[in-house]
Amino acid sequence: MTTIRLHNTLSRTKEDFVPLDPSNVRMYVCGPTVYDRAHLGNGRPVVVFDVLFRLLRHVYGEGAVTYARNFTDVDDRINETAQKRRAAGAEGSLEDLIHQRTEETIAWYHADMDALGTLRPSFEPRATEYIGGMIAMIQTLIDKGHAYEVAGHVLFKVRSYPAYGRLSGRSVDDMIAGARVEVAPYKDDPMDFVLWKPSDASLPGWESPWGRGRPGWHIECSAMSYELLGASFDIHGGGIDLQFPHHENEIAQSCCALGSGFARVWMHNEMLMVEGRKMSKSLGNFFTVRDLLDQGVPGEVIRYVMLMTHYRSPMDWTAEKARIARGALEDFQSIVADHIGRSVSPDDADPRIIDALADDLNTSLAIHYLYDLAKKRQAETLLASLHLLGFDFSTLQDATWSADDVTLTLSELAAQMTALRETALTTKNFAPVDALKSALIAAGVEVRMSKSGVELVPGPGFDPAKLGGL
RNA sequence: GGCGGGUUGGCGGAGAGGUUACGCAGCGGAUUGCAAAUCCGUGAAGACCGGUUCGAUUCCGGUACCCGCCUCCA
């Protein structure tokens, strides 16, 4: 069996991956807060961990991997949106408006992530459906002396967990010395973080032993991962920006409440950059996955660009990379065209590609082997390998030019041009051929002439409407 | 201020202590009515300064610069 090696943030080294239970490999990845469209940066971990999910399924079996990714659907930004809608005259209670907002956002998220060729996780828990588990976990933390109630809040007592800071490599004292810690007057210690906070009538809330309120962000993932994957599981993933404080706090909560090892391997993807800076909400330099799809960038191209860079390196999104990705995918597509739709087994994938992925998801090296397979015209192996990496060409075709009538029009034009050209070769009058060629190029069609005839391929700026008069 | 990551050819981006990454672009050739596309070939690198070594871009130390986290974020 293939040995998978993964970089564990906890140890800061690559380790052989040994699942707790090979018949049920368990992975949890922090999902989105559903208050708006996912930006491109949100897409990176989804793609990265989708590759890992596919690899694990390949190695351990499709039914032997459980993947949970949450939706955070209780959040102040969601509340704000709902409140704004109500202020703008929207019908319904605040709870209804919040529910509408999160449902609509989840539907967007699914559509956008599906377009990137990512598989749906085994579980997609919503925080609001696990409030009971959160309350129980918070109560356990209070009972064990790791949390305290004050002024309607419940706070985690960071000093009660000596290992706090292990994941992120910080000491509590250093963090306090670094200032910028939120100082709320009711905290025993500046580092303590909130597990439960009170809600007034204008906010969603749930009854609890500490009054009507809502959970803090960190406790959500601890409660959901526990209920779905158990007190100990194999892999916990997310963006590197979540390493602290979110993941550190999850560890503190889960380990203190459950007395277990919690997640064994922690994996963090690096950030997605734009113009050399992190794409983030606060910098306002983001665009959404949907923006790109609407601009005609196929989801598979986005996926390919993401896989060009190793997940632990920062990745810059550029139009140039999208162009290269598209070119590569179109090359691969033309090579495997005759095999698309046939059943392919991941077992037929190039073993070098499996090994590359098994070596801490070296997708860049995997792509190197794709080129090698393409060069050698090993169509079946190439297709199986592409499947393993999550490319099935459905979105590439949908997003571009697969409409039958367009294909038909192009083949008619190609035949027409071939005829014109044959005539021209004897008459030596190439003007009619050149006129047609110019018109096709103007419509964004790539004209490929050879001895055998003319081939017309839609190019990057292809506009079917401009074929009308030809 | 504390912590973490990075610096590879024109650009993107991997591996390996000694042997071609690869892709894009360039250059040369084949092909072509002209082009494009395609095919073949090809030059080019590892921030800086030390150390270890027979040998380092690859290991170790230092310097410089860049990025991230410490505040909602994937």
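So you know, we letter chains A, B, ... as the sequences are listed, proteins then strands, and number each from 1.
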Inset, instruction - Just compare rG33(B), rG68(B), rC24(B) and give me whichever is closest to any side-chain atom of D434(A). - result: rG33(B)
Inset, instruction - Could you work out which one of rA74(B), rC22(B), rG13(B) sits closest to the side chain of H368(A)? - result: rC22(B)
Legend entry - Nucleotide nearest H39(A) (side chain, heavy atoms from C-beta), chosen from rG33(B), rA74(B), rA25(B): rA74(B)
Inset, instruction - Please state the P separation for the pair rC27(B) and rA36(B) - nearest whole angstrom. - result: 11 Å
Legend entry - Nucleotide nearest L365(A) (side chain, heavy atoms from C-beta), chosen from rA14(B), rC72(B), rA74(B): rA14(B)
Legend entry - Separation between the C1' atoms of rC48(B) and rG13(B), rounded to whole Å: 23 Å
Legend entry - Residue R448(A), side-chain heavy atoms: nucleotide from rC70(B), rA37(B), rA74(B) that is nearest: rA37(B)
Inset, instruction - Among the candidates rG2(B), rC24(B), rA74(B), find the nucleotide nearest to the side-chain atoms of I324(A). - result: rC24(B)
Inset, instruction - Calculate the interatomic distance between H218(A) atom NE2 and rU71(B) atom C1'; express it in whole Å. - result: 11 Å
Inset, instruction - For rG1(B) versus rG9(B), give the span between their P atoms, rounded off to a whole number of Å. - result: 30 Å
Inset, instruction - Using the P atom on both, measure rU38(B) against rG23(B) and round to a whole Å. - result: 13 Å
Inset, instruction - Indicate whether OP1 or OP2 belonging to rG68(B) is found under 4.0 Å from a side-chain N or O atom of R277(A). - result: yes
Inset, instruction - May I ask you to check whether F332(A) and Y371(A) place their ring centers less than 6.0 Å from one another? - result: yes
Inset, instruction - Enumerate the residues from residues 312-320 of chain A whose closest heavy atom to RNA chain B is under 4.0 Å, giving them by residue number; use none for an empty result. - result: S313(A), E320(A)
Inset, instruction - Indicate syn or anti for rG62(B), taking the glycosidic torsion and treating anything within 90° of 0 as syn. - result: anti
Legend entry - 5'-most by nearest nucleotide on RNA chain B - G43(A) or H310(A): H310(A)
Inset, instruction - Assign the ring pair H247(A) / H236(A) to parallel, tilted or perpendicular, where the plane angle (0 to 90°) is split at 30° and 60°. - result: perpendicular
Legend entry - Candidates rG13(B), rC70(B), rG33(B) - which lies nearest the side chain of F430(A): rG33(B)
Inset, instruction - Examine F156(A) together with Y161(A) and report whether their ring centres are nearer than 6.0 Å. - result: no
Inset, instruction - Report the distance from atom NE2 of H268(A) to atom C1' of rC67(B), rounded to the nearest whole Å. - result: 17 Å
Inset, instruction - Please state how far atom NZ in K375(A) lies from atom P in rU20(B), giving the value in whole angstrom units. - result: 14 Å
Inset, instruction - With C1' as the reference atom in both, quote the distance from rC24(B) to rU19(B) in angstrom, rounded to an integer. - result: 26 Å
Legend entry - R120(A), CZ atom: more than 12 neighbouring heavy atoms under 6.0 Å: yes
Legend entry - Nearest-neighbour nucleotide for the M449(A) side chain, rA74(B), rA35(B), rC22(B) considered: rA35(B)
Legend entry - Short side-chain donor-acceptor distance under 3.5 Å, S202(A) and D200(A): yes
Legend entry - Length of the CD-P vector between E422(A) and rU32(B), whole Å: 15 Å
Legend entry - Y371(A) aromatic ring stacked with six-membered ring of rG23(B), 5.5 Å and 30°: no
Inset, instruction - May I have the distance from E455(A) (atom CD) to rA37(B) (atom C1'), rounded to whole angstrom? - result: 8 Å
Legend entry - R57(A) to F53(A) six-membered ring, cation-pi geometry met (6.0 Å, 45°): yes
Inset, instruction - Considering just the side-chain nitrogens and oxygens of K321(A), establish if one lies under 4.0 Å of OP1 or OP2 belonging to rG13(B). - result: yes
Inset, instruction - Using atom CG of L329(A) as one end and atom P of rC24(B) as the other, report the distance to the nearest whole Å. - result: 13 Å
Legend entry - Side-chain donor/acceptor of K437(A) to base of rC34(B), under 3.5 Å: yes
Legend entry - Pairing stems for RNA chain B [at least three consecutive pairs; Watson-Crick or G-U; under 3.5 angstrom]: B:1-7 with B:64-70, B:10-12 with B:22-24, B:26-30 with B:38-42, B:47-51 with B:59-63
Legend entry - rA21(B) versus rG46(B) - spacing of their C1' atoms, nearest Å: 13 Å
Inset, instruction - Could you check whether the rings of Y164(A) and F244(A) sit parallel, tilted or perpendicular, using 30° and 60° as the cut-offs? - result: perpendicular
